[in-house]
K.L.:
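Quick one: structure below, then a few questions.
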Amino acid sequence: MVGGACSLQLQPRLLSSFVGNRFIHSTQPLNQLFGYNSGKNQVSMQLSRTFSGLADLLFNRRNLDVEPNRRRKRLRPGKVSPHRPVPDHIPRPPYVNSQKPIGIVSGPEVHDEKGIECMRVSGRLAAQVLEYAGTLVKPGITTDEIDKAVHQMIIDNGAYPSPLGYGGFPKSVCTSVNECICHGIPDSRALEDGDTINIDVTVYLNGYHGDTSATFFCGDVDDEARNLVKVTKDCLHKAISVCAPGMEYKKIGKTIQDHADRYNYGVVRQFVGHGIGRVFHADPVVLHYRNNDHGRMVLNQTFTIDCCIYFVALRYIFYFVCVLLIQCLNFFVI
């Protein structure tokens with residue numbers, strides 16, 4: 001995604017965005033939204049299966065099933081089961097069964113007192129579901145089984161799994177294993193000893209989306225992966241610490257990249273943080289690398305920080321999401 005000179009088609013279930021095969025529609029040009037660099041032939045996330053040189057190095061240039069000097073096999077897609085039903089009495093987000101293109105909604109959402117409370121409730125449920133999902137991670141379990149458990153817990157609590165039906169996404173949770181950057185589709189592949197998996201949970205409850213994720217270790221994970229997870233978490237927490245009403249969003253990107261640079265790690269540019277609340281993806285667009293965005297944080301808005309950090313050696317990528325609720329200079333990690 002950064003620094004590549006060519007782009008090739010990827011296996012469809014390894015890397016997927018929520019936009020299906022549709023173009024992303026936004027009030028912002030795509031080159032600003034996703035960091036497209038025409039001079040280097042870098043391809044933006046206009047299509048879910050089109051990536052640039054980083055993905056090419058991760059997948060398409062590997063001819064061996066097992067990487068040299070590593071025990072882990074190359075990630076391959078499994079079989080995707082039919083999407084799971086949601087009881088009729090549970091309210092759906094507006095995009096479900098809609099034919100309208102999915103994209104970033106223009107304009108930041110500022111919450112009133114009721115909205116703040118609704119965000120706390122939906123965020124709390126998302127956190128509880130994520131914690132439960134993490135307990136399921138062990139060698140032998142399939143990501144589809146994790147999806148089944150997450151789906152059931154969400155609907156048992158009267159909520160709707162936000163990813164299901166968003167831009168054609170077929171599952172209720174995102175499970176991104178090893179070199180899958182994010183938005184991985186749960187399938188029949190069983191987790192193996194040494195795998196890492198990011199589980200990204202979003203729930204729609206009482207008209208508000210709560211969004212969170214974390215990366216979990218499956219069995220005995222090597223030190224490289226553990227160190228990367230630690231640095232990524234540190235990047236996230238440092239980014240949270242600079243948030244305040246009136247602060248420029250670009251401070252987030254600078255903070256993340258400054259810390260990643262210290263460890264010789266790169267920052268994936270094609271995935272962005274976003275506003276969240278009554279709408280799944282809205283302004284502001286939060287970039288995780290150094291940028292010149294002069295937008296400023298607004299009191300009582302909520303947004304995500306989705307920093308994706310990778311080894312320069314391109315062995316692993318991890319994905320973390322944190323939703324911030326900004327209220328009167330107090331910050332709540334939902």
K.L.:
Taking side chain as C-beta onward, heavy atoms only, is K171 less than 4.5 Å from D187?
P.N.:
no
K.L.:
Please round to the nearest 0.5 Å and tell me the distance separating atom NE2 of H151 and atom OH of Y160.
P.N.:
8.5 Å
K.L.:
State, yes or no, whether a side-chain contact exists between H111 and K114 at a heavy-atom distance under 4.5 Å.
P.N.:
no
K.L.:
Less than 4.5 Å apart, any side-chain heavy atom of L125 and any of S122?
P.N.:
no
K.L.:
Just so I know, are the side chains of T143 and E145 near enough to count as touching, which here means a heavy-atom distance under 4.5 Å?
P.N.:
no
K.L.:
Search all heavy atoms of C235 against all heavy atoms of C307 and return the closest pair with its distance.
P.N.:
CB-SG, 4.5 Å
K.L.:
With a 6.0 Å cut-off on the ring centroids, do Y249 and H294 count as close?
P.N.:
no
K.L.:
What is the distance from atom CG of D234 to atom OG1 of T255, rounded to the nearest 0.5 Å?
P.N.:
13.0 Å
K.L.:
Rounded to the nearest 0.5 Å, what's the gap from CD1 on I309 to CG on L228? Could you check?
P.N.:
7.5 Å
K.L.:
Taking the side chain as everything from C-beta on, heavy atoms only, tell me whether N157 gets closer than 4.5 Å to L205.
P.N.:
no
K.L.:
Please assess V286 against T304 for the test side-chain contact (heavy atoms from CB on, under 4.5 Å), listing each intermediate value before the final yes or no.
P.N.:
CA-CA 8 Å; V286 180; T304 69; over 6 Å; no
K.L.:
A quick test of your reading: do over 12 heavy atoms of other residues, nucleotides or ligands sit less than 6.0 Å from NZ of K250?
P.N.:
yes
K.L.:
For the residue pair H274 and F280, categorise the inter-ring angle as parallel (less than 30°), tilted (30 to 60°) or perpendicular (more than 60°).
P.N.:
perpendicular
K.L.:
Kindly indicate whether the side chain of I252, heavy atoms from C-beta on, has any atom under 4.5 Å from the side chain of C243.
P.N.:
yes
K.L.:
Hey, which of R290, K251, K238 is the one that makes salt bridge (Lys or Arg N to Asp or Glu O under 4.0 Å) with D258?
P.N.:
R290
K.L.:
Where is the tightest heavy-atom contact between I155 and P87, given as atom of each residue plus distance?
P.N.:
CD1-CD, 4.0 Å
K.L.:
On a heavy-atom basis, which atom in I154 and which in T202 lie closest, and how many Å separate them?
P.N.:
CD1-O, 4.5 Å
K.L.:
Is it the case that the ring center of H183 lies less than 6.0 angstrom away from the ring center of F271?
P.N.:
yes
K.L.:
One thing to verify: whether D147 and R84 come together as a salt bridge, which I'm taking to mean a side-chain N less than 4.0 angstrom from a carboxylate O.
P.N.:
yes
K.L.:
Could you give the distance from CG (D283) to CD1 (I104), rounded to the nearest 0.5 Å?
P.N.:
7.0 Å
K.L.:
Is there a ring pair (Phe, Tyr, Trp, His ring centres under 6.0 Å) between F169 and H83 once you walk through the steps?
P.N.:
CA-CA 9 Å; F169 195 81; H83 72 80; over 10 Å; no
K.L.:
For the side chain of E109 and the backbone of R278, is there at least one donor-acceptor N/O pair under 3.5 Å apart?
P.N.:
yes
K.L.:
Ring centroids only, cut at 6.0 angstrom: are Y310 and Y265 within range, meaning strictly under it?
P.N.:
no
K.L.:
Is there a donor-acceptor contact under 3.5 Å from the side chain of Y208 to the main chain of R120?
P.N.:
no
K.L.:
Of all residues at least two apart in sequence or in a different chain, which pass the side-chain contact (heavy atoms from CB on, under 4.5 Å) check with Y132?
P.N.:
T135, L136, A149, M153
K.L.:
Is it true that D193 and K138 have a side-chain N and a carboxylate O under 4.0 angstrom from each other?
P.N.:
no
K.L.:
Drop me the distance from D222's CG to N227's CG, to the nearest 0.5 angstrom.
P.N.:
9.0 Å
K.L.:
Mind listing the closest non-hydrogen atom pair of A159 and V203 along with its distance?
P.N.:
CB-CB, 4.3 Å
K.L.:
Within 45 degrees of the axis of the six-membered ring of F217 and under 6.0 Å from its centre: does R226 put its NZ or CZ there?
P.N.:
yes
K.L.:
Between D195 and C218 (side chain of the first, backbone of the second, donor and acceptor by atom type, cut-off under 3.5 Å), is there such a pair?
P.N.:
no
K.L.:
Would you kindly say whether T215 and N198 are connected by a side-chain donor-acceptor distance under 3.5 Å?
P.N.:
yes
K.L.:
I197 and I199: side-chain contact (heavy atoms from CB on, under 4.5 Å), yes or no, with the steps?
P.N.:
CA-CA 6 Å; I197 176 174; I199 302 177; 4.0 Å; yes
K.L.:
Hey, mind stepping through S162 and H209 against side chain to side chain donor-acceptor pair (under 3.5 Å) and telling me if it holds?
P.N.:
CA-CA 7 Å; S162 300; H209 297 274; 2.8 Å; yes
K.L.:
Is there side-chain contact between T142 and L191, with at least one heavy-atom pair below 4.5 Å?
P.N.:
no
K.L.:
Assess the residue pair F303 and M297 against the criterion (side-chain contact (heavy atoms from CB on, under 4.5 Å)); give the C-alpha distance rounded to whole Å, side-chain angles, the decisive distance to 0.1 Å, and a yes or no.
P.N.:
CA-CA 9 Å; F303 58 87; M297 302 174 197; 4.0 Å; yes
K.L.:
Strictly distance-based, threshold 3.5 Å: is any side-chain N or O of N291 a donor or acceptor partner for the main-chain N or O of Y289?
P.N.:
yes
K.L.:
Mark yes or no for whether E179, through its side chain, and L75, through its backbone, hold a donor-acceptor pair below 3.5 Å.
P.N.:
yes
K.L.:
Could you tell me which non-hydrogen atom of G184 sits nearest to which non-hydrogen atom of S176, and how far apart they are?
P.N.:
N-OG, 3.1 Å
K.L.:
About how many Å separate CG of D211 and CE of M119, when rounded to the nearest 0.5 Å?
P.N.:
8.5 Å
K.L.:
Does the side-chain contact (heavy atoms from CB on, under 4.5 Å) test come out yes or no for R189 and V177, once each step is laid out?
P.N.:
CA-CA 10 Å; R189 181 191 181 276; V177 180; 3.7 Å; yes
K.L.:
Which heavy atom in V150 sits nearest to a heavy atom in A133, and how many Å separate them?
P.N.:
CG2-CB, 3.8 Å
K.L.:
Is there a side-chain contact between D144 and T175, using heavy atoms and a 4.5 Å cut-off?
P.N.:
no
K.L.:
Go through the steps to decide whether D200 and S213 satisfy the test side chain to side chain donor-acceptor pair (under 3.5 Å), and finish with yes or no.
P.N.:
CA-CA 4 Å; D200 187 353; S213 84; 4.7 Å; no
